[in-house]
Amino acid sequence: MSTQIGGKGETPVTLTFAALASLASNALGVSNAIDFTSLTPDAIDVQVEIVIDPGTTSGNKKAGAYLITSVDGTNFSDPLNRGNMLWLGDISLPDTNIVRSQALSCLKAMNGAPLPAAGKIVVWNDSGVAFNSTGNSAQYREVRGDTS
């Protein structure tokens, strides 16, 4: 089986975040929901990419990316408790440059379990300073398996 990265229309889908711009240090930004039930039937994963303009960092100089899930598409796990979130990865923020994360796998965060009905991406600012007010974004694409 081969894999193909692509989404509907081959264009990544933009995620909207509450407060990713100017996100305070040690604060969380939560995205709108990704409806996993609307993926193409041969989708095997969803990759998320996050872009952060951190400003002049101090402290731990990173951002944590997490997945919160919902089995009904409405009620999501608690984003205020990192123990209830699934870790996608850390994004190193070493200096004042805009940083683009690697492709972060939702399936990997699920530890191989199937994707639920929906998920949201949570970004935890652990950079020591608030993110800049512009230059912050996120997007996702589905990864399809080709069984032919």
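Atoms considered below: every heavy atom in the structure, side chains included; atoms not considered: hydrogens, waters and symmetry mates. Quantities reported herein were computed from a predicted structural model and do not represent experimental measurements.
- Between Lys120 and Ser31 there is a side-chain heavy-atom pair separated by less than 4.5 Å.
- For the pair Tyr66 and Leu86, the minimum side-chain heavy-atom distance is 4.5 Å or more.
- Between Ser58 and Val129 the shortest side-chain heavy-atom distance falls below 4.5 Å.
- The hydrophobic cluster containing Ile68 does not contain Ile34, counting ILVMFWY residues as joined when their side-chain heavy atoms lie under 4.5 angstrom apart, directly or transitively.
- Of the N and O atoms on the side chains of Asn75 and Asp72, at least one donor lies less than 3.5 Å from an acceptor on the other residue.
- Note on Phe131 and Val30: separate hydrophobic clusters, where clusters join Ile, Leu, Val, Met, Phe, Trp and Tyr whose side-chain heavy atoms are under 4.5 Å apart, directly or indirectly.
- No side-chain heavy atom of Leu104 sits under 4.5 Å from any side-chain heavy atom of Glu49.
- A heavy-atom distance below 4.5 Å is not found between the side chains of Thr57 and Pro94.
- Here the side chain of Asn32 pairs a donor or acceptor atom with the backbone of Thr16 at under 3.5 angstrom.
- Under the 4.5 Å side-chain contact rule for hydrophobic residues, Leu28 and Trp87 share a cluster.
- Side chain of Ser77 to backbone of Met85: no donor-acceptor contact under 3.5 angstrom is found.
- Here the side chains of Lys61 and Asp126 are not in contact, with every heavy-atom distance at 4.5 Å or above.
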Set out, in order, the CA-CA distance, both residues' side-chain angles and the distance that settles side chain to side chain contact (heavy atoms under 4.5 Å, CB included) for Val123 and Asn125, then state yes or no. CA-CA 6 Å; Val123 174; Asn125 180 355; 5.7 Å; no

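- Using a 4.5 Å heavy-atom cutoff, the side chains of Gln47 and Tyr140 are not in contact.
- At a threshold of 4.5 Å between non-hydrogen side-chain atoms, the residues Ile121 and Leu88 count as touching.
- Hydrophobic clustering of Ile, Leu, Val, Met, Phe, Trp and Tyr side chains at less than 4.5 Å, counting indirect connections, unites Val46 with Leu67.
- When only modelled atom types and interatomic distance are considered, Ser105 and Asp45 share a side-chain donor-acceptor pair under 3.5 Å.
- No side-chain donor-acceptor contact under 3.5 Å links Asp53 to the backbone of Asn132.
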